[in-house]
Number of protein chains: 2
Amino acid sequence: MGLAKTEIFTDRQNQIALFAKAFGHPARVAILQHLFKINACICGDLVDEIGLAQPTISQHLKELKQLGLIKGNVEGTSVCYCIDNESWTGMKETMLEFLNQDISKKEDCC
Amino acid sequence: MGLAKTEIFTDRQNQIALFAKAFGHPARVAILQHLFKINACICGDLVDEIGLAQPTISQHLKELKQLGLIKGNVEGTSVCYCIDNESWTGMKETMLEFLNQDISKKEDCC
DNA sequence: TTGTTATATTGCAATATTACGATTAATAAT
DNA sequence: ATTATTAATCGTAATATTGCAATATAACAA
């Protein structure tokens, strides 16, 4: 199939999976790290910074933008991409709740 | 391609991506949540709990096991799967560092 | 041994993802 | 107007992922 059966899971489970999927490629991890480091960025920088072709970077940026984690403002011929901090905070809450399931948990069972 | 160019990224970036990828499917999210809830589990439970066929669950369990996040002990005809808490803690550190990049950051740039 | 139960593995079809060359669109500079 | 620059989009090849039926394996029960 290649198609996840999202209908049988909760919205929350699907949302966690969607966020995680966005971080599931090192290029997108690197893009986000760079955006945090620079705190303002144009796409050309990213093509130089990360060693992938321009259309590939553009595609990764699109995915992050669709999720709402980054936003882009057109500035002349270039586009200024940056983190959407509000959205990042929201995502973090969801992911932290998932990651912190282990607190209040005893030792391994087996 | 369909093949990520891992060579051009740092080990850390690749590791974040690997962990995230594991959480990038709602079935694996649901499996982990269930294991935390029950704190001891046999696979049959999971097939009932989650609405996927037995081979599919088995495959998802294998991926989580390969990453080290869960471990399975054979008990008679069934297998007792549970969270590997030590491994989970290690994963959490890595992911938290990534997710918390936003602290010590100013407002949006654009 | 024969059957039963529980899980893993294999094989495969459907779909998704990754990457990039070629092209396009939009603005800026001359 | 022409040309350069930047980034998005299109098309496509290679590979990965998801899901399941069929089958295999392993442990136990009778």
Side-chain angles (χ1 to χ4, degrees), chain A residues 1-9 13-14 17-31 34-35 40-67 70-82 110, chain B residues 1-9 13-14 17-31 34-35 40-67 70-82 110:
Chain A
M1 310 265 145
L3 172 61
K5 280 193 157 181
T6 53
E7 355 47 275
I8 66 175
F9 301 103
Q13 287 167 337
N14 282 316
L18 274 182
F19 283 136
K21 213 157 154 189
F23 305 142
H25 192 291
R28 290 190 292 269
V29 169
I31 286 172
H34 192 66
L35 287 180
C41 197
I42 52 168
C43 180
D45 279 1
L46 288 166
V47 175
D48 294 339
E49 179 76 15
I50 304 170
L52 293 170
Q54 179 266 322
T56 309
I57 298 291
S58 190
Q59 203 170 273
H60 285 305
L61 285 168
K62 191 179 172 186
E63 283 176 58
L64 293 172
K65 202 174 167 187
Q66 273 170 344
L67 249 187
I70 66 174
K71 44 189 183 177
N73 274 49
V74 178
E75 283 192 8
T77 39
S78 60
V79 177
C80 169
Y81 275 107
C82 60
C110 45
Chain B
M1 311 261 145
L3 172 62
K5 280 193 157 180
T6 53
E7 347 59 90
I8 66 175
F9 302 102
Q13 288 166 336
N14 282 315
L18 273 184
F19 284 136
K21 213 158 154 187
F23 305 142
H25 193 292
R28 290 190 291 269
V29 169
I31 286 172
H34 192 65
L35 287 181
C41 197
I42 52 169
C43 181
D45 279 2
L46 288 166
V47 175
D48 296 339
E49 180 75 14
I50 303 168
L52 295 170
Q54 179 266 323
T56 308
I57 297 291
S58 189
Q59 204 171 272
H60 284 306
L61 285 169
K62 190 179 172 186
E63 283 176 60
L64 293 171
K65 201 175 167 186
Q66 273 171 346
L67 248 188
I70 65 175
K71 44 188 181 177
N73 274 49
V74 178
E75 284 192 6
T77 39
S78 60
V79 178
C80 169
Y81 274 107
C82 60
C110 44

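A, B, ... follow the sequence lines: proteins, then strands. Residue 1 opens every chain. These figures come from a predicted structure and were not determined experimentally.
Taking every heavy atom of both residues into account, A:I50 and A:A30 meet most closely at CD1-CB, 4.0 Å. Nearest heavy atom pair, residue A:G24 against residue B:A20, reads N-CB, 3.8 Å. Closest of all the heavy-atom pairs between A:A22 and A:L67 is CB-CD1, 3.3 Å. Listed here is the closest heavy atom pair of A:N14 and A:T6: ND2-O, 3.0 Å. Looking at every heavy atom in both residues, A:G72 comes nearest to A:K65 through N-CE, 4.1 Å. A:L35 and A:I70 make their closest contact through CD1-CG2, 3.7 Å (heavy atoms, listed as atom of the first residue, atom of the second, distance).
Remark: A:Q13 engages A:T10, B:Q33 in a side chain to side chain donor-acceptor pair (under 3.5 Å) (not counting sequence neighbours). Partners of A:E63 according to the salt bridge (charged side-chain N to carboxylate O under 4.0 Å, His left out) rule, which considers only residues two or more places apart in sequence or in another chain, are A:R28.
Taking the six-membered ring where the residue is Trp, B:H25 and A:F9 present perpendicular rings, their angle passing 60° and hence far from 30°.
Proximity of A:Y81 to A:L61: side-chain heavy atoms (C-beta onward) are separated by under 4.5 Å at one or more points.
Here chain B contacts DNA chain C (any atom closer than 4.0 Å to a heavy atom, that is under 4.0 Å), and the contacts span C:dT5 to C:dC20 from 5' to 3'.
Note that CG of B:D48 and CD1 of B:I42 are 9.0 Å apart. Values are rounded to the nearest 0.5 Å. For the atom pair B:Q59 CD and B:T56 OG1, the distance stands at 6.5 Å (nearest 0.5 Å).
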Contacts under 3.5 Å, N or O only, protein and nucleotides 27-30 of chain D:
none

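Within a heavy-atom distance below 4.0 Å of DNA chain C, the residues of residues 50-57 of chain A found are A:L52, A:A53, A:P55, A:T56.
Side-chain nitrogen and oxygen atoms of A:Y81 include none within less than 4.0 Å of the OP1 or OP2 phosphate oxygen of D:dT6.
Atom CD in A:Q59 sits roughly 11 Å away from atom P in D:dA8 (whole-Å rounding). Taking atom NE2 of residue A:H60 and atom C1' of nucleotide D:dA8, one finds them 15 Å apart after rounding to whole Å. Remark: P of D:dA8 and CD of A:Q66 are 12 Å apart, rounded to the nearest angstrom.
Mapping A:V79 and A:A4 onto DNA chain D via the closest heavy atom, the residue that lands nearer the 5' end is A:V79. The 5' end of DNA chain D is approached more closely, in terms of each residue's nearest nucleotide, by A:K65 than by the other of B:E63 and A:K65.
In this structure, the helix from C:dT1-D:dA30 to C:dT30-D:dA1 shows an angle of 10° between the axis at its start and the axis at its end, each fitted on 5 base pairs and rounded to 10°.
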